[in-house]
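Working notes, structure below.
These values consider heavy atoms only, across backbone and side chains, with no hydrogens, waters or symmetry-generated copies. Numbers here are sequence positions counted from 1.
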Amino acid sequence: MFNCISDTYSFYLGSLKQTNFAVFNITLLVETLLLYVFFLQILASKIAKAAIMILGVFFVQLWLRFYFKFGHSSYIDTCVTIENSTIIILSILYFFQQLTTEDSQNFYNSPRFWIVSAYLIYTAGIYFLFLFIDSLPLSEKEKYYIIINYLFYNVRTILIVIAMFMTSHPKQRKKFQLT
């Protein structure tokens, strides 16, 4: 929801030929912290949870440092790279956790699976875009950002919608019995 409001406001400011770096940077902070809280809830390992807490504190400190230095004049791409890297790692850790548990046969029936998959695909898809976007000319930045980011943004949205319509405890189907 927050991303939708931020993107709508960005399109409005873009039509006025103004930048929206402050709102993008605040959206980055909120999204990252919400994803860290989500992974705190779904990961079972105490070591992973402690690492997420430390990473969250580190991320907020780094974000504050960059925001007060560049927040209104540029996008904090260093924090985007850190967010994408950690989300990819946490997603892989979640899938590893699911594959190594006893009840791993139908973990794809869980909304968590689809949410983690959505963010893994999105972050993996845009990782190199945000890593190298500053080295591109302005005309190519806009072109690649619109094409690549919004393509993966739509894929992420579709997977999250799938998760929203799933129940958290799928009903057991009755097997047909021959009598």
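The aromatic rings of Trp63 and Tyr67 lie parallel to each other, their planes meeting at an angle below 30°, with 60° marking the opposite boundary.
There is a side-chain donor-acceptor pair under 3.5 Å between Tyr122 and Asn149.
Side-chain contact between Leu93 and Phe39: absent, with no pair of heavy atoms (C-beta onward) separated by less than 4.5 Å. Considering only heavy atoms from C-beta on, Tyr153 stays 4.5 Å or farther from Ile126 through its side chain. The shortest distance between side-chain heavy atoms of Phe165 and Pro111 does not fall below 4.5 Å. The side-chain heavy atoms of Ile88 and Leu120, taken from C-beta on, include a pair separated by under 4.5 Å. Residues Glu83 and Glu31 meet the side-chain proximity criterion, which asks for heavy atoms closer than 4.5 Å. Within the 4.5 Å cutoff, the side chain of Tyr36 has heavy atoms near those of the Leu90 side chain.
Tyr144 meets the side-chain contact (heavy atoms from CB on, under 4.5 Å) test with Leu129, Leu136, Glu140, Ile148; sequence neighbours excluded. Under the side chain to side chain donor-acceptor pair (under 3.5 Å) criterion, Ser117 pairs with no residue at all, not counting sequence neighbours.
Each of Ile89 and Val116 belongs to its own hydrophobic cluster when Ile, Leu, Val, Met, Phe, Trp and Tyr are linked at side-chain heavy-atom distances under 4.5 angstrom. Using a 4.5 Å cut-off between side-chain heavy atoms of Ile, Leu, Val, Met, Phe, Trp and Tyr, with links allowed through other members, Ile92 and Leu159 fall into the same hydrophobic cluster.
Heavy atoms of other residues, nucleotides or ligands lying less than 6.0 angstrom from OH of Tyr150 number more than 12.
Checked against the 6.0 Å centroid criterion, the rings of Tyr94 and Phe113 do not qualify as a close aromatic pair.
Summarising the geometry, atom CZ belonging to Phe96 is positioned 12.0 Å from atom CG belonging to Leu43; distances are rounded to the nearest 0.5 Å.
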